[in-house]
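First comes the structure, then the notes that go with it.
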Amino acid sequence: TACPLLVRSAEEIEAALPEDLRQETQFVMVSFDTKRDTPQNLLAYAQDKGLDKENWHWLVGTPLQTRQLATLLGVQYRDAGNGVFAHSNLVTVVDPDGVPSARLEDGLDGRLQCHLQRVCIQRAKAFVEEQRVNRSLAADQIGQRQRQCQADQKSLAARERARVAC
């Protein structure tokens with residue numbers, strides 16, 4: 001139903017993620033066996049392995065959908081018979097926009113750690129930029145409010161002068 005090597009790789013990735021990133025990360029396992037695997041079979045497998053978690057998804061599609069996804073991700077596979085599939089051992093990391101950002105093949109060695117460091121650095125930079133933008137927006141809003149207050153004060157003063165002149 002699922003390749004034990006790839007499942008173990010995904011579990012290692014999950015364990016290596018910082019807690020906050022782990023909660024945001026989705027794991028998607030796609031079956032090549034479109035004839036025998038059903039959503040119910042995959043769910044039973046996930047439950048048996050303790051991987052029926054909210055962030056783990058076990059999918060099976062049509063033969064065409066599966067082949068198209070494999071081609072898109074650079075995964076090669078073929079049916080070797082008796083429910084056995086020969087396939088490349090490739091884990092693809094996809095960013096939130098659906099763009100592959102890393103490919104880890106034949107084990108996870110130090111490339112996973114490097115990729116995680118890059119992700120953490122990118123998140124930190126995005127956070128810093130967001131804070132800078134927020135401070136800039138806040139400063140703009142304060143400036144706008146100050147200018148509006150000044151305009152309101154001038155308008156009030158002018159109305160008061162006009163009232164007094166009458």
Considering only heavy atoms from C-beta outward, does the side chain of Gln68 approach that of Thr71 to under 4.5 Å?
no
Sidechain-backbone polar pair: Asn41 side chain, Arg36 backbone, donor-acceptor under 3.5 Å
yes
Within the structure provided, determine whether Val91 and Leu6 are in side-chain contact (heavy-atom separation under 4.5 Å).
yes
Tell me every residue that passes salt bridge (Lys or Arg N to Asp or Glu O under 4.0 Å) with Glu11, counting only those two or more places apart in sequence or in another chain.
none
Where do Leu42 and Leu59 land on the side chain to side chain contact (heavy atoms under 4.5 Å, CB included) test, with the steps shown first?
CA-CA 8 Å; Leu42 293 174; Leu59 306 177; 5.7 Å; no
List the residues meeting side-chain hydrogen bond (donor to acceptor under 3.5 Å, both in side chains) with Gln76, not counting sequence neighbours, and say none if there are none.
none
Measuring from Lys53:NZ to Gln47:CD, what's the distance to the nearest 0.5 Å?
13.5 Å
In the structure I gave you, are the side-chain heavy atoms of Thr66 and Phe32 within less than 4.5 Å of one another anywhere?
yes
Can you name the closest pair of heavy atoms from Asp33 and Ser31 and give their distance?
N-OG, 3.0 Å
Out of Asp52, Leu51, Leu43, Asp37, which one pairs with Trp58 under the side-chain contact (heavy atoms from CB on, under 4.5 Å) rule?
Leu51
Quick one: pull up CG in Leu21 and CD1 in Ile13 and give me the separation to the nearest 0.5 Å.
11.5 Å
Answer yes or no for Arg67 and Tyr77: cation-pi contact, defined as NZ/CZ to six-membered ring centre under 6.0 Å and angle to ring axis within 45°.
yes
Return the minimal non-hydrogen interatomic distance between Gly61 and Thr34, and the atom names on each side.
O-CG2, 3.1 Å
Check: Arg78 side chain, Ala86 main-chain N or O, donor-acceptor pair, under 3.5 Å:
no
I'd like to check Cys3 versus Asn89 (side-chain heavy atoms, cut-off strictly below 4.5 Å). Are they in contact?
yes
Spacing of CD belonging to Gln26 relative to CD belonging to Glu54, to within rounding of 0.5 Å:
9.0 Å
Only one of Val30, Leu90, Leu69 forms a side-chain contact (heavy atoms from CB on, under 4.5 Å) with Val75, so which one is it?
Leu90
